[in-house]
Amino acid sequence: MDGTSSTHQRVHWDGAVNAWKIAGDVYRMGRHEWVTGAGWQQMYDDGVRTVIDLRASRERRQRDTDPEVPDDVRARIAVVHCPTEDPDHSQFGELFGPYLKDPAQYGDYLQLFGEKIAAVFKAIAASPGKVVVHCSAGRDRSGMIALMLQRLAGFTDDEILQGYELAARGINERHRTHGAPHAHDPYLPGEQLEAMLAERLASLRLYLASVDVAGFLVAHGVSEEELSAIQAKVEADAGLPG
C-alpha cells in the first residue's frame, strides 16, 4: 500500500482495480474477477478473509479477459454475495437510470434498499479477519458503503469527499486505458471530469449533512453487538482520525 494521504491508501493487489483502504480492516475495490491469482495470494497475506460482492446476480460473471485463478487460491477467502439493490424494482430506472452513479441518488437508494444495505453491514460484522467490499467500478455502491463506514470511524466530511474523488478518478483512468468505451460511463477528459466531480462532490456534501449512519443501521435491524463489531473493524488502526 502507499499513502496517497494520511487517510486514504491505495492498495496494490495484482489485478485489483480502484482498490483502496476504507478504514481499519476494511477495503474497497472494483470487480473481484479482475484480481489475479497472485493478487488473491497478496490479499490473503494481508489478512483478508472475506470479500463481499455488492453486485446484482446478473453482474457476477467471468469475462473472457479476466484472469484464471486456481480454485485452491481463491477458496481461502470467502466470497459473500450481498447485493445492495434489486435492479428489477419498479422504481429503479426512474430513480437511478441504468445504475447508481451519483451521490445525489444515495438518499433514495438507501430508502428503497435499506434492508439490503443493512445486510452488507451485518456481513461485515460477521466476517473474520479483514474485509473487502466491491461493486463493479469501485465507485458508488462500494463508495456508499465506504462513506458510511468512514462516518462510523469518525472521518471528516472533507476526508470522505476525498475518498469519493480518488475512486471516481481511479475508474475514469481505467476507462481511458482498457477496452471499448463504457456504454453509460465513458472516459471523461480534463475539464469534463472536473465539472462532473464538482457536481457530484457537492451532492455528496449535501448527503453527508443529512445522513445518520448508526441510526439508519439500527433502524434496519443491525444490532448493537453488530454495530460494535463494525466499529471495531473500522477503528482497527491506531492512526485513524477522531
Side-chain angles (χ1 to χ4, degrees), residues 2-11 16-23 27-34 53-56 59 63 83-85 87 89 91-113 117 120 132-151 155-211 213:
D2 63 64
T4 304
S5 73
S6 60
T7 303
H8 301 285
Q9 295 175 315
R10 187 184 291 277
V11 185
V17 173
N18 220 7
W20 300 88
K21 185 173 186 174
I22 292 174
Y27 303 82
R28 63 189 287 190
M29 67 181 183
R31 303 171 64 247
H32 75 255
E33 293 90 352
W34 281 324
D53 186 344
L54 308 177
R55 299 171 298 172
E59 298 176 78
R63 299 173 184 170
T84 57
E85 65 188 34
H89 191 285
Q91 292 181 268
F92 191 92
E94 173 191 348
L95 292 171
F96 314 117
Y99 52 81
L100 181 74
K101 61 176 183 175
D102 189 331
Q105 302 167 335
Y106 286 4
D108 287 335
Y109 196 84
L110 261 70
Q111 186 172 358
L112 201 62
F113 301 122
I117 290 159
V120 174
V132 179
V133 296
H134 81 85
C135 50
S136 181
R139 184 185 61 201
D140 284 291
R141 284 172 290 187
S142 58
M144 185 180 59
I145 300 299
L147 75 86
M148 295 172 77
L149 290 166
Q150 289 169 343
R151 178 65 95 204
F155 283 31
T156 67
D157 285 4
D158 285 344
E159 288 167 335
I160 293 171
L161 288 165
Q162 185 188 29
Y164 182 88
E165 179 177 350
L166 289 169
R169 291 185 184 278
I171 197 61
N172 188 64
E173 181 62 14
R174 169 79 180 187
H175 290 158
R176 183 183 72 83
T177 57
H178 289 77
H182 193 286
H184 305 290
D185 205 3
Y187 167 71
L188 297 178
E191 290 183 3
Q192 292 180 48
L193 176 63
E194 299 309 319
M196 180 273 282
L197 279 172
E199 182 178 327
R200 293 190 182 176
L201 291 171
S203 295
L204 182 54
R205 191 177 290 278
L206 284 173
Y207 173 72
L208 289 172
S210 67
V211 67
V213 174

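All values below were derived from every heavy atom in this structure, side-chain atoms included, with hydrogens, water molecules and symmetry-related copies excluded. As the structure is a computational prediction, the values presented were derived from the model and not from experiment.
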Interatomic spacing from OG in Ser142 to CZ in Arg55 - rounded to 0.5 Å: 11.0 Å
Mutual orientation of the aromatic rings belonging to Phe113 and Phe92 [parallel < 30°, tilted 30-60°, perpendicular > 60°]: tilted
Contact check, side chains of Arg10 and Leu166, non-hydrogen atoms, under 4.5 Å: no
Glu199 atom CD, neighbour heavy-atom count above 12 within 6.0 Å: no
Derivation and outcome, side-chain contact (heavy atoms from CB on, under 4.5 Å), residues Glu59 and Asp53: CA-CA 10 Å; Glu59 298 176 78; Asp53 186 344; over 6 Å; no
Any side-chain heavy-atom pair of Trp34 and Arg63 under 4.5 Å: yes
Asp102 and Arg139 ion-paired at < 4.0 Å: no
Gap separating the CG atom of Leu110 from the OG1 atom of Thr84, nearest 0.5 angstrom: 9.5 Å
Close side-chain approach of Met144 and Ile117, heavy atoms under 4.5 Å: yes
Any Ile22 side-chain heavy atom under 4.5 Å of Val133 side chain: yes
Residue pair Leu147 / Tyr207, side-chain heavy-atom distance below 4.5 Å: yes
Within-4.5 Å side-chain heavy-atom neighbours: Arg31 and Val17: no
Heavy-atom side-chain proximity of Met29 to Val11 below 4.5 angstrom: no
Test side-chain hydrogen bond (donor to acceptor under 3.5 Å, both in side chains) applied to Asp157 and Gln150, Arg205, Gln162, Arg151, the passing residue: Arg151
Point-to-point distance, once rounded to the nearest 0.5 Å, from CZ of Arg141 to NE2 of His134: 9.5 Å
Nearest-0.5 Å distance that lies between atom CG in Asn18 and atom CZ in Arg28: 6.5 Å
Heavy-atom side-chain contact between Val211 and Tyr106 under 4.5 Å: no
Derivation and outcome, side-chain contact (heavy atoms from CB on, under 4.5 Å), residues Asp140 and Cys135: CA-CA 8 Å; Asp140 284 291; Cys135 50; over 6 Å; no
